[in-house]
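Whatever order the structure lists ligands and atoms in, that order sets their numbers, starting from 1.
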Amino acid sequence: MTTVGILGGGQLARMLALAGVPLGLRFLVLDPSAESCAGQCAPLQVGGFDDEAALEAFASKVDVVTFDFENVPASSAQWLVERVPVYPNPQALAVAQDRLSEKTLFRELGIPVPAFAAVDSREGLDAALAEIGTPCIIKTRRFGYDGKGQFRIKSLADTDAAWEALGAQAGTVGLIVEGFVAFDREVSVVAVRGRDGEFKAFPLTENWHVDGVLSASLAPATRVSEAMQVQAVDYARRVAEATGYVGVFALELFCRGETLLANEMAPRVHNSGHWTIEGTEVSQFEAHLRAVLGLPLGEPAMRGVACMLNWLGEMPDANAVLALAGGHWHDYGKSARAGRKVGHATLRADDAVALSQALSSVGDALSRQAQVQPVIARLAEG
Ligand code: AMP
């Protein structure tokens with residue numbers, strides 16, 4: 001009996017456990033909170049990621065370790081790797097934890113990125129703005145997610161306000177300034193690399209964000225030329241090979257015409273890949289488990305088309321989605337809290353017309369919760 005240890009007990013760990021049960025796997029989830037929603041589906045050990053006694057107990061009970069949460073201290077990942085196989089490896093995790101090292105790696109690998117510069121003082125911010133120009137975005141290098149730890153600088157008049165908002169973090173988590181990309185759309189490629197180097201990518205997905213948080217995903221992304229699909233997958237492959245990555249990860253890209261610019265990588269299963277549970281032969285969750293266990297990866301081949309809608313704050317009524325032939329409901333079992341990711345729905349259909357009809361039928365309440373209209377508009381473009 002193989003036991004997979006997961007650091008972090010959120011919805012990603014929960015969906016990994018749900019995907020792993022048919023494979024005969026056992027799980028142990030480590031999280032500081034006794035309320036972690038993965039604990040409803042798998043044994044939960046309550047403990048800190050930096051608590052050596054907790055890590056010791058955890059490591060003694062698992063055969064392999066992986067992550068639901070990438071901001072586990074690098075020292076804890078390193079401590080574990082000396083005792084049990086850890087995938088992805090701590091070096092890959094460390095690169096993805098820091099926007100500066102991540103963007104530097106992308107650039108070294110020939111992957112286009114927005115202009116960027118590290119900032120560690122107020123004078124440094126002035127210099128970065130002179131170099132990059134406005135509009136731009138200042139972000140924390142570490143621990144930022146879902147648009148948190150970011151400030152948009154529309155013109156130089158915003159400099160003081162930006163420093164006021166984030167300057168205190170220059171000496172702690174570090175800061176980076178990035179040129180603002182006037183993108184047409186945002187896409188992501190979710191990919192998986194096995195222990196033996198086998199690499200596969202899921203179809204390119206288009207994503208809509210509201211206030212920096214993912215709202216809806218459409219797969220496959222429409223109007224993607226063969227060249228663009230190949231380019232995106234090639235970028236993901238370069239990152240995976242350069243970091244010796246094992247498991248699933250997501251590469252988020254800005255799309256301007258046919259040009260792709262890398263925004264960031266998530267070293268784990270990703271929200272923009274949730275639609276794969278119903279939308280592909282093997283889901284991102286199962287593919288990740290197969291990869292970290294050294295099993296054949298399976299085929300990320302699509303079954304028709306799919307749209308995922310995120311539920312933030314509180315779960316809406318499920319009936320409209322459950323009434324659909326291709327409607328799938330995922331309630332993470334979390335208590336309601338403003339802005340919190342509490343669940344999602346995936347609508348799957350055989351073609352764009354049927355998917356559009358399904359989206360139109362979910363009703364106003366759900367449309368307000370997630371961005372349904374832009375997805376319908378995109379599908380109508382063909
Ligand atoms: P991030 O946390 O870096 O993924 O940023 C969250 C969201 O903010 C992204 O999905 C984009 O919608 C937006 N964003 C971040 N960086 C940039 C940028 N350099 N240019 C334009 N929009 C951005």
Side-chain angles (χ1 to χ4, degrees), residues 10 12 69-71 93 95-107 111-119 125 128-129 131-155 158-159 162 165-166 169 173-190 204-219 221 232 235-236 239 249-257 259-275 308-310 312 339-341 344 370-371 374-375 378:
L12 302 179
F69 172 71
E70 67 262 44
N71 287 317
L93 200 68
V95 167
Q97 282 176 348
D98 180 353
R99 291 184 191 275
L100 181 65
S101 44
E102 177 176 73
K103 288 215 161 55
T104 304
L105 175 70
F106 294 160
R107 197 159 59 187
I111 303 170
V113 285
F116 67 91
V119 165
L125 176 58
L129 293 180
E131 182 191 329
I132 290 170
T134 54
C136 61
I137 304 188
I138 182 164
K139 302 180 180 180
T140 55
R141 278 170 56 179
R142 295 169 180 277
F143 301 115
Y145 65 96
D146 285 347
K148 294 181 180 65
Q150 302 190 5
F151 192 98
R152 295 195 178 192
I153 301 177
K154 294 190 190 68
S155 72
D158 297 334
T159 315
L166 294 176
Q169 298 187 62
V173 292
L175 299 173
I176 185 173
V177 171
E178 295 176 13
F180 188 85
V181 180
F183 53 77
D184 307 328
R185 52 186 178 159
E186 294 187 78
V187 295
S188 58
V189 53
V190 173
L204 211 58
T205 300
E206 179 167 0
N207 303 309
W208 286 263
H209 293 85
V210 175
D211 297 331
V213 184
L214 186 66
S215 172
S217 293
L218 172 66
Y235 291 162
V239 172
F249 66 101
L251 183 63
E252 295 183 43
L253 300 153
F254 299 132
C255 196
R256 220 171 32 196
T259 304
L260 295 170
L261 294 159
N263 175 29
E264 63 178 347
M265 82 177 278
R268 51 173 167 72
V269 286
H270 190 247
N271 198 166
S272 71
H274 289 0
W275 62 270
M308 190 251 7
L309 304 171
N310 253 0
L312 301 177
R340 191 181 204 193
K341 289 178 177 172
H344 75 267
Q371 280 208 317
V375 185
R378 185 70 85 226

Identify whether the distance between the nearest side-chain nitrogen and carboxylate oxygen of K103 and E178 falls below 4.0 Å.
yes
Numbered atoms and elements of ligand 1 in range of V181, under 4.0 angstrom, heavy atoms
18 (C), 20 (N), 21 (C)
Numbered atoms and elements of ligand 1 in range of N263, under 4.0 angstrom, heavy atoms:
1 (P), 3 (O), 4 (O)
Looking at ligand 1, is there an atom of it that comes within less than 4.0 Å of some heavy atom belonging to R152?
yes
Do I111 and V239 have side chains that approach each other closer than 4.5 Å (heavy atoms only, starting at C-beta)?
yes
If we number the atoms of ligand 1 from 1 as shown, the ones under 4.0 Å from a heavy atom of E186 are 9 (C), 10 (O), 11 (C), 12 (O)
Geometry only, no angles: is G179 polar-contacting ligand 1 at N/O separations under 3.5 Å?
yes
Below 4.0 angstrom, N of the basic side chain to O of the carboxylate: do R256 and D184 qualify?
no
Please work out which of E252, H209, K139, E178 has its closest non-hydrogen atom nearest to atom 15 (C) of ligand 1.
K139
With a 4.0 Å cut-off on heavy atoms, is A182 in contact with ligand 1?
no
Per-atom contacts, ligand 1 versus F183 - under 4.0 Å to a heavy atom:
12 (O), 21 (C), 22 (N)
Would you please name every residue forming a salt bridge (charged side-chain N to carboxylate O under 4.0 Å, His left out) with E102, sequence neighbours left out?
none
The option among N207, V113, I137 carrying the non-hydrogen atom nearest to atom 18 (C) of ligand 1 is I137
For N310 and K341, what are the C-alpha separation, side-chain angles and deciding distance, and is it a side chain to side chain donor-acceptor pair (under 3.5 Å)?
CA-CA 7 Å; N310 253 0; K341 289 178 177 172; over 6 Å; no
Worked verdict on E252 versus H270 for side chain to side chain donor-acceptor pair (under 3.5 Å):
CA-CA 10 Å; E252 295 183 43; H270 190 247; 3.2 Å; yes
Begin with the C-alpha distance, continue with both residues' side-chain angles, and end with the deciding distance and a verdict on side chain to side chain donor-acceptor pair (under 3.5 Å) for S217 and N207.
CA-CA 4 Å; S217 293; N207 303 309; 2.7 Å; yes
